[in-house]
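Each chain gets a letter, A, B and so on, in the order its sequence line appears, and its residues count up from 1.
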Amino acid sequence: MAPAGREWVKPALLMAPAILYLTIFIVYPIIDTIIIAFFPEGRFSTESLEYLLYSPLSKFWDAIKFTLILAALVVPIETVLALIATLVLLQPFKGRDTAVYILSIPIAISDVAAGLIWYSMLTSKGFVNKVLIELGVIDSPIYFFGYEFRDRALLAIVLAEVWRSMAIVFIIIFAGAQLIHRELFEAADVFGASFWVKLRHILLPMIKPSIQAALIIRTLFAFQVFAVVWILAGRDIPVLAGEAYYNLVEIHRFDVAALYALIIAILSMTTGFLYLRMLRARHLEV
Amino acid sequence: MASVRLEGVVKRFGRTIALRGIDLEIRDGESMVLLGPSGCGKTTTLRVIAGLERPDEGRVYFDDRDVTDLPPRSRNVSMVFQSYALWPHMKVYDNIAFPLKVRRLPESEIRKRVRWAAELMEIEGLLDRYPHQLSGGQRQRVAVARAIVVEPEVLLMDEPLSNLDAILRVKMRSEIKKLQRKLGVTMVYVTHDQVEAMVIGDRIAVMNNGRIMQVGTPSQIYKEPANTFVATFIGSPQMNILEGFVDDGKLVVAGSELLGVEAEARGRVLVGFRPERVLIGVFDGLVLEGVVDFVESLGSLTIIHVALDSGSKIVVSISGEADVEQGSRIRLTVPRDAIHLFDPESGSAITHGV
Ligand SMILES: Nc1ncnc2c1ncn2[C@@H]1O[C@H](COP(=O)(O)OP(=O)(O)OP(=O)(O)O)[C@@H](O)[C@H]1O
Ligand SMILES: [Mg+2]
């Protein structure tokens, strides 16, 4: 026991590294970003905000729109696909390990590479068009890229993003599902549960924490979607991280870029908080 | 209700053979206890009956229906898992209610039945807790409650009372027995506890190493063990086994002789007798002499370890206090009807009583 009056020393020492880490890598950068965004010349100014909201050059509202649309399409689609893959791969069958391995490969592929792979597949002379023409399904190539084909480009981005990031969702959910003791499913079998009852009342509630972790990670990263969009559509489909990059690198509006960064951070934190509230696994609480 | 029949069931897990040809019939409404050492295949047998394990060879019948290829949910069985298998995200109430909800019973009926099962298992105060908030024994009783809350054709219980204290165990085992009688449900009950086996089982199947060594009523298993394995596995302290010799109606064992033995046996035999059947003093039967090695007084029971003059050691169990001293000479009699003869090669019983 520490002598009376000094009980705070040990906890404080134990927490110090974490606090130090958070200060250096989270708190300081945030403060610095705020300064860049709102104190460009050492004085408070809302010029960055005005530019963002009212300048005809700003694509802010489009960027918000497309970022949210992409997140709202990509995350649910890949989560459902990952759940289906988990269900299939929980069954023991020959070649299961190989299938798990293949499904996990995209984790090792960078987003730039993923963008380039799908770009080369979907261009007018790409793999997809060639196969479709050879098979006689279409006469002339389908164009996915260019401003007038924005909807198709969006589709291509969703495809590429789902392909690229489903792997991490799958790994998280599959790992969680594998931790469930086999007898918990067998007990449900014995007591007469159908496939759907088992899915709804045993598997899903038990992998809720994994789904939650996957959703948080994926939604947060979805708000930062950048490379795939940049490669497949450029600024035709503006997204928040893309606008931050554009302002920073192409037109050197550092204050606007910093403001974009702040907006992404606020969006991410709010969503993370909401997920934690919504998906609480009550049986894991003490 | 249904009878259960296993025919030549073989189950392998990779290179281990868990079941090496099980033939077993459990009659309609009967309570059958599986008894045997750890790893002998008791759980695997239950899982084959439940449909959780598909046998590599052999068939499983419920009445005359071949259910070998039916999934568990089509068999109408219910089971207490050795590991309880309670769903951690459901409260005790929902765990017990699950089989009823699956069967789509009306809500009021479900509530009534869950209460009934919980009261029987003395867990009615725990219905609102999650499994991780319960002790091992409480969890086990939830598992039993979940299994009895439905009326299955076959009730499978894998050591359902192993984690309870002695008093609760005695109480619960008579509750389970009463319930089984009342419902007339066919039950297969796995236990390590011999007394439990004797109380619960209409018949007992003694298993060893993936095989059934003997099936019989508790009294048959005790009085007429089919081989040395069953003879020594059942009963405490263990049955004494000595090497002996039969020739022309004469049994020679540990330097003593017994005449007028009417047994088919000839030549070398194994001679078995239970510690509790041995008498102190000389009467009609096989008389043995030796020195008292040491004495264990258990109150209602006295266990005397004796070194016979022939060099063999035996154990004698006398009810109540016994007036023997360590190091003193002692003369003992094994009555004729307490002597079992076994074949020394196969271990099979030749005769019970000589
Ligand atoms: N899934 C499995 N994979 C491999 N081997 C298994 C498996 N299940 C059981 N076995 C083996 O089969 C044999 C029988 O196991 P089983 O669980 O039926 O024994 P048991 O009689 O129930 O033992 P206990 O009294 O310890 O519960 C053991 O040797 C065990 O190691
Ligand atoms: Mg077992």
Contact origin within A/Val190 toward chain B - heavy atom pairs under 4.5 Å: both
Considering heavy atoms only, which positions within residues 66-92 of chain A lie below 4.5 Å of chain B?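 Checking residues 66-92 of chain A against chain B gives no residue, so none.
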Identify which part of B/Leu86 has an atom lying under 4.5 Å from any heavy atom of chain A, answering side chain, backbone, both or neither.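 Backbone of B/Leu86 only, per the 4.5 Å heavy-atom cut-off to chain A.
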I'd like to know if [X] and [Y] make a salt bridge, using a cut-off of under 4.0 Å between side-chain N and carboxylate O.
X	Y	result
A/Glu186	B/Arg47	yes
B/Glu151	B/Arg103	no
B/Arg59	B/Asp66	yes
B/Asp202	B/Lys177	yes

Using the six-membered ring of B/Tyr61, assess whether NZ or CZ of B/Arg5 lies under 6.0 Å from its centre and within 45 degrees of the ring axis. yes
Is it possible for you to check whether B/Arg111 lies under 6.0 Å from the centre of the six-membered ring of B/Trp116, through NZ or CZ, and within 45° of that ring's axis?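 No, B/Arg111 does not lie over the aromatic ring of B/Trp116.
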Options B/Ala50, B/Pro131, B/Ser78, B/Ala143, ranked by heavy-atom pairs under 4.5 Å with chain A, top entry: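 Of the candidates given, the most pairs with chain A belong to B/Ser78.
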Shorter than 4.5 Å, heavy atoms on both sides: which option in B/Arg75, B/Arg146, B/Lys101 has the most such pairs with chain A?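 Going by pairs under 4.5 Å, I would pick B/Arg146.
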Describe, in one word, how the ring planes of B/Tyr130 and B/His132 are oriented to each other, choosing from parallel (under 30°), tilted (30 to 60°) and perpendicular (over 60°).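 Aromatic pair B/Tyr130/B/His132 classed parallel.
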Using the salt bridge (charged side-chain N to carboxylate O under 4.0 Å, His left out) rule, take B/Arg169 and B/Asp193 through it: C-alpha gap first, then chi angles, then the decisive distance, then the call. CA-CA 11 Å; B/Arg169 190 186 303 197; B/Asp193 183 334; 3.4 Å; yes
